Amino acid sequence: MSTGCTRRVRIRDTIVENVHHVLPMHSNPIGTLHGGIVLQWMITTSTLASMRLARKPTLLAGMEHVFFINPIRVGENAVFTSWVEYVGRTSMEVTTVVEAEDPSTGERKLTTVAHTTHVAVGPNLRPIPVEACVDAVSDEEKRLQEEAIARRERRAQRISRRRELVKDLAPPRPLDERYVITSYRFAYPEDAVFHNAVFAGKLMYYLDELAGIIGLRYAHGPVVTAAVDATDFYAPILVGESIEMTAALTFVGRSSMEVTIKVIARDEARGEARHTTTSYFTVVHIGRDGRPRPVPPFEVKEEWQKMLAEEAKKRREVRLSLLAAMKETGALKPF
Ligand SMILES: CC(C)(COP(=O)(O)OP(=O)(O)OC[C@H]1O[C@@H](n2cnc3c(N)ncnc32)[C@H](O)[C@@H]1OP(=O)(O)O)[C@@H](O)C(=O)NCCC(=O)NCCS
């Protein structure tokens, strides 16, 4: 928990709301908002909430599972509401609610709830203390803060190997060599947020696009992003470095596919490389009516394929139980 509180702010007073009108240029081939853009806009709003509280630049350190439970259509508004629930020493727990708003009635439908952790950093991109604190005053704020602390405690084990994982450069193994893509791009100034560090929202946009290409290649038809598993960012990517993104098909369900994407930041001039993140996307093949359509079954024959599928099944079980829990409680927007 933050020690030196020079400012105290109520959770409710940390809210940042962003509204975007969804245009055809934001949509996928079936006329709904592109999942990568939802991720980018979501991370923009959560980053703003954290920076406004900290009064310092912040980097996205991690994101819990994100499920897209309702689409946002062209012509609707996409409403992003973020607030800071808890301040650690250098990190902040932020929740973002994303809703589709019908502009003619004002009626809103929940698209997703995302929990992210943002870390205040100095010019060398290393963590620095946050001097502000958030106070939970109402019962609702107290509940949100307790949940944020519980998430932080549950995550401790998951992130304990974060510094070691920076060195893990092995590419993800696909179920079948036909369904793997390695794509490179330079980190341009336009990708950066500050101090020459690539903005996580931009990276997630690129990853979503790659997941979609693998899904499309396997399903031979349109896919939408249904979920992104909890994702940790182990090292920043700097402008001028190359971003190596390897996307591999790692599971095939009835209509859904899991795509594992590993990102390596390469300083080509020095011949150095850092594992930035590994993220698991679930994409679903859909028909013109927006409903899921079956994909060709994938026959797992080899022993190593069985092992891959077993690992993916475990991730799928975690995902499905978290999704069920979110559907039960997530529709609640406290403010
Ligand atoms: C975030 C980062 C600065 C943390 O570095 P670190 O060496 O783990 O630093 P520390 O051990 O001091 O941890 C700093 C805080 O981050 C938290 N943290 C680190 N990794 C985290 C993760 N994946 N999820 C949530 N919190 C995390 C720690 O719990 C700690 O919180 P506290 O200070 O409130 O107690 C580092 O991992 C990093 O640079 N990541 C890349 C961030 C980035 O560039 N994102 C965009 C990628 S395109």
Side-chain angles (χ1 to χ4, degrees), residues 36 39-40 42-44 46-47 50-51 54 56-66 88-94 114-130 152 155-173 182-211 228-248 259-281:
L39 289 166
Q40 185 170 339
M42 188 185 93
I43 297 169
T44 300
S46 59
T47 300
S50 67
M51 285 178 63
K56 290 180 172 82
T58 64
L59 289 176
L60 182 65
M63 185 175 91
E64 300 305 307
H65 279 67
V66 172
R89 198 180 68 83
T90 63
S91 70
M92 285 156 282
E93 299 296 322
V94 179
H115 303 295
T116 47
T117 307
H118 302 256
V119 173
V121 292
N124 63 354
L125 301 180
R126 293 303 301 151
I128 52 173
V130 176
R152 188 179 147 100
R155 166 191 321 128
Q157 160 99 28
R158 189 183 83 212
I159 64 171
S160 61
R161 291 181 56 235
R162 60 189 182 275
R163 297 207 193 92
E164 251 172 84
L165 287 170
V166 175
K167 297 181 213 128
D168 171 15
L169 305 178
R173 188 163 194 189
T182 298
S183 181
Y184 291 89
R185 49 176 298 133
F186 273 118
Y188 293 111
E190 72 196 35
D191 295 321
V193 59
F194 50 76
H195 299 326
N196 278 334
V198 168
F199 180 47
K202 266 291 182 72
L203 183 72
M204 293 311 281
Y205 175 84
Y206 299 140
L207 301 194
D208 185 80
E209 195 173 80
L210 269 182
V228 184
D229 287 6
T231 300
D232 297 308
F233 298 91
Y234 307 121
I237 307 172
L238 302 179
V239 169
E241 293 186 324
S242 65
I243 312 175
E244 178 185 291
M245 298 167 284
T246 304
V259 181
T260 302
I261 313 183
K262 186 157 176 176
V263 181
I264 308 291
R266 291 191 182 274
D267 179 336
E268 302 287 357
R270 293 180 184 206
E272 288 168 8
R274 300 180 306 279
H275 174 200
T276 290
T277 190
T278 295
S279 193
Y280 299 92
F281 282 71

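Sequence positions, counted from 1, serve as the residue numbers for this chain. Quick caveat, the model's predicted, so the values are computed rather than measured.
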Exercise. Is it true that atom CZ of Phe194 has more than 12 heavy atoms of other residues, nucleotides or ligands lying nearer than 6.0 Å?
Worked result: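 Yes.
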
Problem set entry | Glu272, CD: over 12 other non-hydrogen atoms inside 6.0 angstrom |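 Yes, CD of Glu272 has more than 12 neighbouring heavy atoms, counting only those of other groups under 6.0 Å.
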
Problem set entry | Which residues share a salt bridge (Lys or Arg N to Asp or Glu O under 4.0 Å) with Asp191, sequence neighbours left out |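 Salt bridge (Lys or Arg N to Asp or Glu O under 4.0 Å) check on Asp191 returns Arg185, Lys202.
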
[X] side chain near [Y] side chain, heavy-atom distance below 4.5 Å:
X      : Y      : answer
Val228 : Leu39  : yes
Lys56  : Ile128 : yes
Leu125 : Leu238 : yes
Leu60  : Met204 : no
Val198 : Phe233 : no
Ile264 : Ile243 : no
Val121 : Arg126 : no
Tyr188 : Val239 : no

Point-to-point distance, once rounded to the nearest 0.5 Å, from [atom1] of [X] to [atom2] of [Y]:
X      : Y      : atom1 : atom2 : value
Thr58  : Met92  : OG1   : CE    : 5.5 Å
Leu165 : Ile159 : CG    : CD1   : 11.0 Å
Leu203 : Ile43  : CG    : CD1   : 8.5 Å

Exercise. Going by atom types only, do His275 and Thr277 share a side-chain donor-acceptor pair under 3.5 Å?
Worked result: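 No, Thr277 and His275 have no side-chain donor paired with an acceptor closer than 3.5 Å.
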
Kindly give the heavy-atom pair with the smallest separation between [X] and [Y], and that separation in Å.
X      : Y      : answer
Pro57  : His195 : CG-NE2, 3.8 Å
Arg158 : Ala230 : NH1-CB, 3.3 Å
Pro127 : Val119 : CB-CG1, 3.7 Å
Gly36  : Asp208 : N-OD2, 3.0 Å
Thr276 : Pro236 : OG1-O, 4.4 Å

For this session: Let me see the working for Glu64 and Arg152 under salt bridge (charged side-chain N to carboxylate O under 4.0 Å, His left out), right down to the final yes or no.
Result: CA-CA 10 Å; Glu64 300 305 307; Arg152 188 179 147 100; over 6 Å; no

Problem set entry | side-chain contact (heavy atoms from CB on, under 4.5 Å) assessment of Ile237 paired with Phe199 | CA-CA 9 Å; Ile237 307 172; Phe199 180 47; over 6 Å; no

Is the shortest side-chain N to carboxylate O distance from [X] to [Y] below 4.0 Å?
X      : Y      : value
Glu244 : Arg266 : yes
Asp267 : Arg274 : no
Glu241 : Arg270 : no

For this session: Sort out for me which residue in Thr231, Thr260, Asp229 forms a side chain to side chain donor-acceptor pair (under 3.5 Å) with Ser279.
Result: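 Only match with Ser279 under side chain to side chain donor-acceptor pair (under 3.5 Å): Thr231.
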
For this session: Would you check if the side chain of Glu209 reaches a backbone N or O of Tyr206 as a donor-acceptor pair within less than 3.5 Å?
Result: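 Between the backbone of Tyr206 and the side chain of Glu209 there is no qualifying donor-acceptor contact (under 3.5 Å).
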
For this session: Please answer whether the main-chain N or O of Tyr234 pairs with a side-chain N or O of Asp232 as donor and acceptor at a distance below 3.5 Å.
Result: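 Side chain of Asp232 to backbone of Tyr234: no pair is present.
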
For this session: Show the numbers, then the answer: is there a side-chain contact (heavy atoms from CB on, under 4.5 Å) between Val263 and Leu207?
Result: CA-CA 9 Å; Val263 181; Leu207 301 194; 3.7 Å; yes

Exercise. Hey, mind stepping through Ser91 and His118 against side chain to side chain donor-acceptor pair (under 3.5 Å) and telling me if it holds?
Worked result: CA-CA 5 Å; Ser91 70; His118 302 256; over 6 Å; no

Problem set entry | Passing option when Thr116 is tested against Val66, Thr47, Val94 for side-chain contact (heavy atoms from CB on, under 4.5 Å) |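 Result for side-chain contact (heavy atoms from CB on, under 4.5 Å) with Thr116: Val94.
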
